[in-house]
Protein chains: 2
Amino acid sequence: MEKDEAIKLNNQLCFSIYSLSREINKLYRPFLEELNLTYTQYLVMLVLWEKESCTMKELGDSLFLDSGTLSPVLKRLTERALTYRKRDPDDERRVLISLTEEGKQLKETAAEIPGRLIKKSGLTEEEFSRTLFDFTNLLQHIQQANTE
Amino acid sequence: MEKDEAIKLNNQLCFSIYSLSREINKLYRPFLEELNLTYTQYLVMLVLWEKESCTMKELGDSLFLDSGTLSPVLKRLTERALTYRKRDPDDERRVLISLTEEGKQLKETAAEIPGRLIKKSGLTEEEFSRTLFDFTNLLQHIQQANTE
DNA sequence: CCCAATTTAATTTTGTGCAATTTAATTGCG
DNA sequence: CGCAATTAAATTGCACAAAATTAAATTGGG
């Protein structure tokens with residue numbers, strides 16, 4: 001690519017991904033409003049619905065987020081009584097995060113979202129799977145580049 | 001996909017694109033630090049390097065951002081003397097945003113970034129182009145779904 | 001065993017994103 | 001023409017992200 005072309009907005013990988021990310025966020029928003037969760041809160045809940053309970057650290061490793069982001073998010077989820085926090089007796093530095101009954105129950109409603117979302121996106125099941133696969137591959141590739 | 005699989009974190013389109021977006025941001029950060037620009041400020045500058053001058057509205061249309069985001073960004077770019085603002089005499093509602101000499105000059109340094117970035121990402125020129133193409137297509141697809 | 005280094009979270013600061021509101025300017029219908 | 005509806009920006013409030021700092025608990029080498 002010519003240098004003059006390369007510096008144009010619409011030739012930036014960062015811009016296409018950034019726009020796409022916000023557009024997909026927008027696609028989710030009406031569904032998340034039904035759950036009264038933000039995007040980030042939803043991601044945290046996804047981890048907890050799989051693990052039932054985990055430390056702040058494990059949550060951060062799963063979501064690639066640090067305590068600077070997660071502490072306030074968990075504070076809000078706890079205020080909403082979807083989660084609760086407890087220091088790990090075996091290591092008082094660690095905070096164990098668990099689902100309350102209400103938090104567990106929310107999974108039933110949330111389980112409907114992925115299907116409804118694919119339908120709304122207008123993608124076929126195959127397109128969805130391939131896109132997910134491509135994204136995940138590229139993510140690993142870039143994470144590699146970032147840690148070298 | 002089974003419903004139980006569908007609700008797992010790593011099967012969410014939102015999570016893969018969200019992680020990818022932040023990872024790409026991370027890939028850019030060292031280069032943007034050289035320019036002393038944030039990611040969003042860089043995107044604004046990309047538009048201005050192409051157009052030389054435009055209104056807040058046009059900037060928002062290009063970047064899919066509204067004045068709530070752009071006003072403070074432009075305030076900072078203007079404080080740094082990379083841009084300046086002027087009301088459009090033909091329509092006093094509009095704000096014309098233009099590059100200062102310093103803003104124009106920064107393009108020379110910035111022009112090196114796309115090439116260095118592709119190299120750092122470890123993608124071939126072909127992979128880069130195909131990825132860009134796929135993302136741009138999907139973006140249009142989702143934007144369609146969001147406006148129906 | 002002891003203290004320095006490490007680990008885990010929380011907090012602070014800065015800069016977005018986005019929805020909702022406000023203000024000023026312009027447009028267009030009756 | 002006159003005023004209601006529309007448009008363009010700025011502002012406000014809330015919730016992230018990421019870097020840097022702080023604080024408390026744990027670990028490990030001498």
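Every chain is numbered from 1 and lettered A, B, ... according to where its sequence line falls, protein lines coming before strand lines.
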Quick one: how far along DNA chain C does chain B reach, first to last nucleotide 5' to 3', anything under 4.0 Å to a heavy atom?
C:dG15 to C:dT26

Assert yes or no for the condition that the ring centre distance of A:Phe135 to B:Phe135 is strictly below 6.0 Å.
yes

Kindly indicate, with the supporting measurements, whether the criterion side-chain contact (heavy atoms from CB on, under 4.5 Å) is fulfilled by A:Leu77 and A:Met45.
CA-CA 9 Å; A:Leu77 288 175; A:Met45 292 303 285; 4.1 Å; yes

Please give, in whole Å, the distance from D:dT27 P to A:Asp90 CG?
10 Å

A:Asn25 and its side-chain hydrogen bond (donor to acceptor under 3.5 Å, both in side chains) partner, picked from A:Arg22, A:Glu23, A:Arg29:
A:Arg29

Under-3.5 Å N/O pairs linking protein and nucleotides 1-4 of chain D:
none

Polar contact flag, side-chain donor to acceptor under 3.5 angstrom, B:Thr78-B:Thr83:
yes

Any side-chain heavy atom of B:Gln41 sitting closer than 4.5 Å to one from B:Arg76?
yes

Where the side chain of B:Thr100 meets the backbone of B:Ala81, is there a donor-acceptor pair that is under 3.5 Å apart?
yes

Dump the pairs, protein N or O against N or O of nucleotides 19-25 of chain D, anything under 3.5 Å, distances to one decimal.
residue: D:dA19; atom: OP1; partner: B:Arg29; partner atom: NH1; Å: 3.0

Taking the side chain as everything from C-beta on, heavy atoms only, tell me whether A:Leu96 gets closer than 4.5 Å to A:Arg85.
no

Would you say the ring centers of B:Tyr39 and A:Tyr18 fall short of 6.0 Å from each other?
yes

Excluding sequence neighbours, so at least two apart, what forms side chain to side chain donor-acceptor pair (under 3.5 Å) with B:Asn10?
none

Judged by atom type as modelled, is there a donor-acceptor pair below 3.5 Å linking the side chain of A:Ser16 to the main-chain atoms of A:Leu13?
yes

Report the C-alpha separation of B:Lys8 and B:Glu5 in whole Å, then their side-chain angles, then the decisive distance to 0.1 Å, and conclude whether the salt bridge (charged side-chain N to carboxylate O under 4.0 Å, His left out) test is met.
CA-CA 6 Å; B:Lys8 288 186 177 170; B:Glu5 276 300 302; 2.9 Å; yes

On DNA chain C, more 5' by nearest nucleotide between A:Arg87 and A:Glu23 is A:Arg87

Under 4.5 Å between any side-chain heavy atoms of B:Ile113 and B:Tyr42, yes or no?
yes

Counting C-beta onward and ignoring hydrogens, is there a side-chain heavy-atom pair between B:Leu37 and B:Arg80 closer than 4.5 Å?
yes

Below 4.0 angstrom, which residues in residues 43-63 of chain B have at least one non-hydrogen atom near DNA chain C?
none

With a 4.0 Å heavy-atom cut-off, tell me which residues in residues 70-80 of chain B come close to DNA chain C, sorted by residue number.
B:Val73, B:Arg76

Check step by step if side-chain contact (heavy atoms from CB on, under 4.5 Å) holds for B:Leu9 and A:Leu63.
CA-CA 9 Å; B:Leu9 177 68; A:Leu63 298 173; 3.8 Å; yes

With side chains defined as the heavy atoms from C-beta onward, is the minimum distance between A:Glu79 and A:Lys75 less than 4.5 Å?
yes

To the nearest Å, give me how far apart CG (A:Leu32) and C1' (D:dC16) are.
14 Å

